[in-house]
Amino acid sequence: MFSFRKLHAQCSFFLLKPCQNPRLQSTKSATKFAGKATIKEAQAALLEYLHSTRSLNFLDADNMCRNSPSFIQDLLAKTHSHTPHVNTKRCISRYLRYHPINEFEPFFESAGLSPSEYAPLLPPHMIYLNDDVLLMENHQALCNFGVPRTKMGRVFKLVPQVFRYKPGILISKLQEYEKLGVSRKTLINVVASNPCILVGGVDFDFVKVVEMLKSVIGKDCDWIGEHLLINKGCCNWRLVFHVLTLLSRDFNEKQFGGLITRSPGLIFEESGGRVLFLIGFLLKFGLCVNRVCIMLQEFPEIRVGKFLSNLRLCFLFLTEIEMEASEIGRILQSHCLVLGSFTIKRTITLLTNLNVGKKRLCRVVKDDPLIMKRWALGRRIEPLVNSYLEFESRALKKEFMLSLGYEENSKAMNESIKLFRGRGAELQERLEFIVNAGLDYEVVCKMIRESPRILSQTTDRINMKIESLVNEGYAMSDLASFPSFLSYSAKRVKLRFSMYNWLKTHGAAEAGLALSTIIACSDKAFEKMYVNRHPSGLQVWRDLKAQISSMA
């Protein structure tokens, strides 16, 4: 017998089946722009289904509807109820009547998990929540204790086994902590952020940490939870207690309480492991314990891991510009707080943008380590010559060269200024040193104009070369005749003088040779003109080379 009602039900079934055509993707994307009224109607329909039809606890059903936006959007896409002039609530209600949903999906999403996070948690052969009795009983126990339903996600993600406990076990664990002095408010915050204390027996290290923090700070520790969220996994309370104990030895109670209040990340980031790495890093570079304590008290508002990463990048930068280890240690010791508070750009980027070489950049950083802060990620970098320090130094150099008798902005001046290494004040100091060694000021100015490179070395090096000159019996007037003598390396000067003295002693060279004759020619020319004059000369020359090289 023909049944109109039966035919209507079958037609409704096929009409309400999800669309399988290629337009489905565009339909899903369109639901993202569904209005608030449409979403509220969808939530109301889902709530009615979960609570009235599926008999779920009203609070659970309401939470699932309000806090599962991805599931609601998928539901709207499947039913096409986001389109205009459609009764969304009625459309979804009819869909749910014939298409049972996997209730675990909105349940896990409303707990704070994304679809990719809760996918591994979905039971393979179950779609109704009430069928998983242990899950719902343990979930209800946590809710009754005070853990918010919306913050239950980390419990599912980190310790899903707690939802397999037999009735009463979970709540008894929480009560054990309360008996040991941990307040309910603290427990709620810790369970929601780092629920590993619910696994196994009582974690006495956790209890010790809470007791220690309460005694130092003088108030409850419900603030702990928000700082545990930065850790991806479970907190190692034993390590946290170890870090607290270690830090408490070097601070008085007031300082210790202030440190934890200002920078709780020091003890909770990776269970305190990061701050241990940081302390080890700083001690390795020569900071004493007292200096480390002062640094921790002034620690900036930045994650410890990021601070440590920034310090390592600065160390890598200083290493790559070939700075001496002692200088790197000095800079890290005196400026660690600043260097850890920003991320420096890559070395190759800085060399390119600053338009400098490694040696010059190394000198600039030595003079003013804080200049590195200008080279942080996100900041625009000007070529170094345009920086204030370089501009000031160049101005002093220019003033110095004018005092030597150079014509302003002349070609000779522009070429010579490139050869000077050092700041303007240092150049003046080196000039005065040569004058004080026994030469007239005008003579020294003439020497510098002839050989600008002689001022590109420290006064100690200049003094060493002048002493070697005098010890060999030469007068300061000989230096005036050959100013380039000061530009040659101490190793070359010592080698040439040593060989010349040996040749004089063995009658192979006349006394009183000019400085330029001994020093200026190449090694090959010196061998040919003087060393080879004596049969043993070449062997002595090689021995002297090896001896002086080993001493350098």
Side-chain angles (χ1 to χ4, degrees), residues 111-112 138-139 141-148 151-166 168-249 251 253 256-279 296 303-305:
N138 284 298
H139 177 266
L142 288 176
C143 293
N144 292 340
F145 189 78
V147 180
K151 294 184 178 180
M152 209 83 74
R154 283 175 73 86
V155 187
F156 285 116
K157 188 176 179 181
L158 297 178
V159 286
Q161 62 268 39
V162 303
F163 294 100
R164 305 264 69 91
Y165 288 164
K166 293 180 180 179
I169 292 180
L170 185 55
I171 200 67
S172 67
K173 286 179 177 287
L174 294 166
Q175 288 171 348
E176 281 293 321
Y177 284 111
E178 285 187 296
K179 290 176 184 177
L180 291 169
V182 183
S183 71
R184 177 167 292 208
K185 196 174 181 182
T186 299
L187 276 173
I188 290 170
N189 280 279
V190 172
V191 167
S193 58
N194 213 283
C196 300
I197 60 170
L198 300 176
V199 178
V202 173
D203 192 332
F204 289 101
D205 290 308
F206 164 65
V207 178
K208 290 178 185 176
V209 169
V210 172
E211 288 176 350
M212 192 172 189
L213 291 176
K214 282 170 68 176
S215 66
V216 171
I217 299 175
K219 60 180 181 179
D220 204 359
C221 300
D222 53 283
W223 51 271
I224 290 178
E226 61 185 275
H227 299 291
L228 294 175
L229 289 171
I230 60 176
N231 300 318
K232 292 182 179 178
C234 289
C235 183
N236 184 337
W237 294 102
R238 180 167 294 181
L239 182 57
V240 172
F241 182 68
H242 172 68
V243 172
L244 283 171
T245 306
L246 182 69
L247 293 176
S248 65
R249 293 172 185 168
F251 294 97
E253 191 170 318
F256 189 39
L259 174 66
I260 295 172
T261 304
R262 284 192 307 274
S263 306
L266 290 174
I267 56 172
F268 290 119
E269 189 173 332
E270 291 194 12
S271 307
R274 283 295 183 184
V275 77
L276 291 180
F277 278 122
L278 176 60
I279 292 171
L296 292 177
R303 288 184 62 173
V304 185

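Atoms considered below: every heavy atom in the structure, side chains included; atoms not considered: hydrogens, waters and symmetry mates.
- For Met212 against Ser248, the heavy-atom pair with the smallest separation is CE-OG, 3.8 Å.
- Between the CD1 atom of Ile188 and the NZ atom of Lys151 there is a distance of 10.0 Å, given to the nearest 0.5 Å.
- Between the CG atom of Asn194 and the OG atom of Ser271 there is a distance of 7.5 Å, given to the nearest 0.5 Å.
- Asn189 and Lys185 make their closest contact through ND2-O, 2.8 Å (heavy atoms, listed as atom of the first residue, atom of the second, distance).
- Looking at heavy atoms from C-beta onward, Leu247 lies out of side-chain contact with Ile260 at the 4.5 angstrom threshold.
- Between Val275 and Glu269 the shortest side-chain heavy-atom distance does not fall below 4.5 Å.
- Leu170 CG to Gln175 CD: the interatomic distance, rounded to the nearest 0.5 Å, is 10.0 Å.
- Asp205 is not listed as a side-chain neighbour of Val209, based on a closest heavy-atom distance of 4.5 Å or more.
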Leu239 vs Leu276, side chain to side chain contact (heavy atoms under 4.5 Å, CB included): CA-CA, chis, key distance, verdict: CA-CA 10 Å; Leu239 182 57; Leu276 291 180; 3.8 Å; yes
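- Here the CZ atom belonging to Phe241 is positioned 12.0 Å from the CG atom belonging to Leu246, to the nearest 0.5 angstrom.
- Residues Glu211 and Lys214 form no side-chain contact, since every pair of their non-hydrogen atoms from C-beta on lies 4.5 Å or further apart.
- Proximity of Val162 to Asn138: side-chain heavy atoms (C-beta onward) are nowhere separated by under 4.5 Å.
- Annotation: the span from Lys173 atom NZ to Leu187 atom CG amounts to 13.0 Å, rounded to 0.5 Å.
- Atom OH of Tyr165 has more than 12 heavy atoms from other residues, nucleotides or ligands within 6.0 Å.
- Scanning all heavy atoms of the two residues, the minimum distance from Gly257 to Thr261 falls at O-OG1, 2.8 Å.
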Test log, rule side chain to side chain contact (heavy atoms under 4.5 Å, CB included), inputs Val304 and Phe277: CA-CA 9 Å; Val304 185; Phe277 278 122; over 6 Å; no
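- Summarising the geometry of Pro195 relative to Val191, their closest heavy-atom pair is CB-O, 3.2 Å, with the distance given to 0.1 Å.
- Under the 4.5 Å side-chain criterion, counting only non-hydrogen atoms from C-beta, Val190 is in contact with Trp237.
- Here the shortest heavy-atom pairing between Val159 and Cys196 reads CG1-CA, 4.0 Å.
- Atom CG of Leu296 sits about 6.0 Å away from atom CG of Leu259, to the nearest 0.5 Å.
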Side chain to side chain contact (heavy atoms under 4.5 Å, CB included) assessment of Val155 paired with Phe163: CA-CA 9 Å; Val155 187; Phe163 294 100; 3.6 Å; yes
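- When all heavy atoms of Asn144 and Arg184 are compared, the pair lying nearest together is O-NH1, 4.4 Å.
- Between Val240 and Phe206 there is no side-chain heavy-atom pair separated by less than 4.5 Å.
- Relative orientation of the His139 and Phe156 rings is parallel, given thresholds of 30° and 60° on the angle between their planes.
- Taking the side chain as every heavy atom from C-beta outward, Leu198 and Leu174 approach each other to under 4.5 Å.
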